[in-house]
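Working notes for the structure below.
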Amino acid sequence: MRLTRVLVAALAFAWVSAAYSQTAQPYPNQPIRIVVPYGPGGATDIVARILGERMTTLLGQPVVVENKAGGNGVVAIQDVVRSKPDGYTLLIGNVTTNTLNPIIVGKEMPVDPFKELVPITKLIEVPAIFLATKVNFPPSTIQEVVAYAKANPGAVNFNSAGYLAYSHLDFIQLQKRTGIEMTLIPLKAGAGGGQIDLINGEVHVAIQNAATVLPLVQSGKLKALAVTGDKRLAGLPDVPTTKEAGFEGWGTNAWQALFAPAGTPQPIVDKIFATVKEIMISDDAKKKFADVTMTITLSDSPAGAAKWLQSERVAWEPVVTEAKQLAKP
Amino acid sequence: MELLSHIGFGLSVAAQPENLAFALLGCLIGTLIGVLPGLGPLATLSMLLPITFHLEPVTALIMLAGIYYGAQYGGSTTAILVNLPGESSAVVTCLDGHQMARQGRAGAALAIAGLGSFFAGTVATLVIAAMILPLTRLALTFGAAEYFSLMVLGLIAAVVMARGAIFKALAMTIIGLLLGLVGTDVPTGIQRFTFGSPELYEGLDFVTIAVGVFGLGSIIASLEAGEDAQTVSVLNQKITRLWPSRDDFRRAWPAVLRGTGLGCVLGVLPGGGAILSSFTAYAIERKLARDPSRFGKGAVEGVAAPESANNAGAQTSFIPMLTLGIPPNPVMAVMVGALMIHGVRPGPQVLEQRPDLFWGMIASMWIGNLMLIVINLPLIGIWVKLLKVPYRLLFPAILLFSSIGVYSVNNSTFDVVLAAGFGVLGYVFAKIGCEPAPLALGFVLGPMLEETLRRAMLLSRGDPLVFFERPLSCAMLITAAVILAVVLSPQIKRGRNEAFQEQP
């Protein structure tokens, strides 16, 4: 009898003190989860892990990266929005998972990432390279590709990983802009292997992120015709930007951004923002990301991030709607 | 001579104490997760990636690689002991390996698998060092048409390999193909059989199906049969011997040689290389055997050939990553990611700019294999004792680890529920006497078959002759046709039926 009472009292004390310490300790007082909407190893995962490791040091709590692939990010987004908006669950999303796919899927999305997630900050831009094979394909500028495709309608093959992925959208826009006709050789979403088809000449042109394909260009296995973004790449000083090549405004820079569930308290969002900012402006991070051809592009504040995401959405909506019409199977 | 100096240089890197220590750590972790049913190298690599942040890139890579082939070794242990393949390439090992275990020859099966893998690993290391550039060129000559023909050849081999009624094998292969259809249709983005759940958009996962159909299915069947039913439980068989007999060795070594050769070549091809090499190696042994009816009933060649093939293949699958920076499978993608986190961009320049990384990695493969054989041979005694654990204690453990394994693939409870569903299906298959192995092959190859067919047709603008115009593709299709003709010829058909009737 007495033993039970002592036990109950002890448990109650433990519970109260645990609850007390939860409220008294400032954020963060438990491990933080960063959900990545892809399997391990890709660009989004790399960003999450570099960031997570440094956040662990700065925040004094373990920051764990959790890979949750599926449904072009929908599975991960669902997981995050169902979690408590307390700053212990975050998401690293990218242009595909948090802008393109929600627009493409539209009303059938089981969750609305524009409404149920808030961006904390944009993190990274990954420039892409417009590539061509060195086998059986003479053109070495975008203009020459266009001329070649005009002379041989439908003969030029391009590949893209995933239906209406951003590189697919870029090619749809290029075809519309110049009136040429090219043939899509689709790849599974997020799949590697597209590079082999380019090296052996089955596919003639592609747009792929620089982080992955730069070594293949530098070693002469593939031709680089142009790079997206407004600056030339340090590793490819002779390759023009799309703008310099006469295609201003064409070609997507993929981005990654950090999100939290809507309703996360503003002080916590601000604290995460400040931590991430401290990490991203350090020389160490700059070098780390530059090494893998990623450009740090931080928002000025969480409010700025929200504005930027809205502008992304507005910019992509007409493009996707039109592409859906053009690419109808 | 250049080759020797390269290997020597590699060994000097790999034999540094720190690299040795992490290779050992990797091999131990790999063996452990390989043995635990359902836990695979991919989830482990992604969980352990943070550990490697503070290591030298070459050390990190050595440890991650150790986990990868350690898991290959460990995976065959689970396949042999409890009939549960952790990876698609271990499916075939179950066929004869588990039968050997039931006959009390688990020790022999494990030893042959280990020694065969070690031999294959040694040869593959030399092959990589000597022929990495020609093998890279081979990987590059494989276009969509060649892949398609290779898949056709593989599927035909699966049907040949199946024991029992050809009709059932065909039916299981087709069920596997159908399961492979689930997911997003690549060229159009249309959902197939996903029933509105985003968890299915990328298709079913192999581990979910394997744990369900192989693992849970056989647990249900065993429980129904009761503990004393000798036919379903390995546990009541007395263990005759721990070490392979002289006869086992005599039968195994030619199979190991053939398996190694096949694995070295097919491993280079991204995607289906690993599973194709083990299935094809098995099919070849069956065809060459004087008495094919022994297969599926504990033929030692049926363990030796696929195990050597998949270990050789696991190593040569590093080639596209090492020479081009192109990961041929998800595990390699994690390794590429790990290198990039270290600021090393994998690609053709690695060989020139970081020879320590390149040759150190290759040499460490052999050291890793040596460690694995040293770790695993003494463990055989322990594994075999594990079989004496009463089933009522063993099966909850299998169930628990399987569930954790399935969950860890994608951190998803949905997959665990799916695996349970496949468990029921596996039970039904066991009841009606259908082998799940052809299902696994159909499931893995089906989507690739479809994808490569459509790609090849897109590339040829709808001209099916492309499959015959390309010599490599044409040769493989002819081989497939010959195999099919041989199997369907009346004489052999009679032989097959007799073999089938022998079975209870």
Side-chain angles (χ1 to χ4, degrees), chain A residues 35 39-43 45-46 49-50 52-53 56 64-75 78-79 104 108 110 154 157 162-164 183-190 192-193 195-197 199-203 211-216 218-221 287-288 291-293 327 329, chain B residues 42-43 45-47 49-50 53 139-144 183-190 194 196-202 270-271 320 324-328 330-338 340-350 352 410-412 414 447 451 454-455 458-459 461:
Chain A
V35 181
D45 184 57
I46 290 173
R49 286 176 192 275
I50 294 179
E53 192 211 357
T56 302
V64 184
V65 173
E66 201 176 295
N67 300 93
K68 250 183 149 60
N72 273 328
V74 175
V75 173
Q78 272 185 325
D79 178 283
I104 293 167
E108 281 160 48
N157 297 332
Y163 176 72
L164 296 186
T183 306
L184 168 68
I185 309 294
L187 292 167
K188 232 179 156 158
Q195 293 100 348
I196 288 194
D197 304 333
I199 296 173
N200 69 22
E202 280 204 326
V203 168
T212 318
V213 295
L214 190 61
L216 292 170
Q218 285 170 331
S219 63
K221 301 260 183 233
K287 183 178 176 308
K288 202 99 205 180
D291 277 346
V292 288
T293 334
Chain B
L42 189 59
L45 287 184
S46 74
M47 276 184 271
L49 214 47
F53 290 164
L140 289 177
T141 55
F142 259 67
T184 309
D185 176 48
V186 174
T188 60
I190 289 169
T194 53
S197 26
E199 285 89 350
L200 289 176
Y201 284 7
E202 258 120 84
L324 298 169
I326 298 172
V331 174
M332 297 289 152
V334 178
M335 294 198 202
V336 167
M340 289 181 69
I341 289 172
H342 280 286
V344 177
R345 246 186 315 229
Q349 301 98 319
V350 171
E352 294 144 38
N410 203 14
N411 297 315
S412 154
F414 182 85
E451 195 191 326
R454 289 168 81 172
R455 283 172 60 78
L458 272 172
L459 288 166
R461 306 294 188 265

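Just so it is clear, the model here is predicted, and its values are computed rather than measured. Lettering follows sequence order; numbering is per chain, from 1.
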query = Side chain, backbone, both or neither: which part of P346(B) has an atom under 4.5 Å from a heavy atom of chain A?
reply = backbone

request  = Output the option from I185(A), D79(A), I104(A) having the highest count of non-hydrogen pairs under 4.5 Å with chain B.
outcome  = I185(A)

ask   = Are any of the side-chain heavy atoms of L140(B) and I196(A) separated by less than 4.5 Å?
value = yes

query = So which of V336(B), T184(B), L42(B), L49(B) has the largest heavy-atom pair count under 4.5 angstrom toward chain A?
reply = L49(B)

key: Part of T293(A) within contact of chain B (heavy atom distance under 4.5 Å)   = both

key: Spacing of CD1 belonging to I190(B) relative to OH belonging to Y163(A), to within rounding of 0.5 Å   = 7.5 Å

note = Under 4.5 Å to a heavy atom of chain B? For K221(A) that would be side chain

ask   = Among S46(B), A144(B), A333(B), G347(B), which has the most heavy-atom pairs under 4.5 Å with chain A?
value = S46(B)

request  = For the residue pair P50(B) and V65(A), establish whether any side-chain heavy-atom pair is separated by less than 4.5 Å.
outcome  = no

note = By side-chain contact (heavy atoms from CB on, under 4.5 Å), N411(B) pairs with (sequence neighbours left out) E66(A), K68(A), Y407(B)

inquiry  = What's the separation between atom CG in N157(A) and atom CZ in R461(B), rounded to the nearest 0.5 Å?
reply    = 4.5 Å

ask   = Between V292(A) and M340(B), which heavy-atom pair has the shortest distance, and what is it?
value = CG1-O, 3.2 Å

task = Working to the nearest 0.5 Å, report the span between CD1 of I46(A) and NE2 of H342(B).
result = 11.0 Å

request  = Check each atom of A211(A) against the heavy atoms of chain B and say whether the ones under 4.5 Å are side chain, backbone, both or neither.
outcome  = both

key: Side-chain heavy atoms of D197(A) within contact of R455(B), under 4.5 Å   = yes

note = Minimal heavy-atom distance between Q195(A) and I326(B), with the atoms involved, is CB-CD1, 3.6 Å

task = Provide the closest heavy-atom pair for Q78(A) versus P198(B) in the form atom of the first, atom of the second, distance.
result = OE1-CG, 3.9 Å

request  = Any chance you could measure Q349(B), atom CD, to L214(A), atom CG, to the nearest 0.5 Å?
outcome  = 7.5 Å

query = What's the shortest heavy-atom distance between L458(B) and L184(A), and which atoms?
reply = CD1-O, 3.6 Å

task = Mind checking ring pair (Phe, Tyr, Trp, His ring centres under 6.0 Å) for F142(B) and listing every partner two or more places apart, or none if nothing turns up?
result = Y147(B)

task = Determine the option with the most heavy-atom pairs under 4.5 angstrom with chain B, choosing from P110(A), S219(A), G220(A).
result = S219(A)

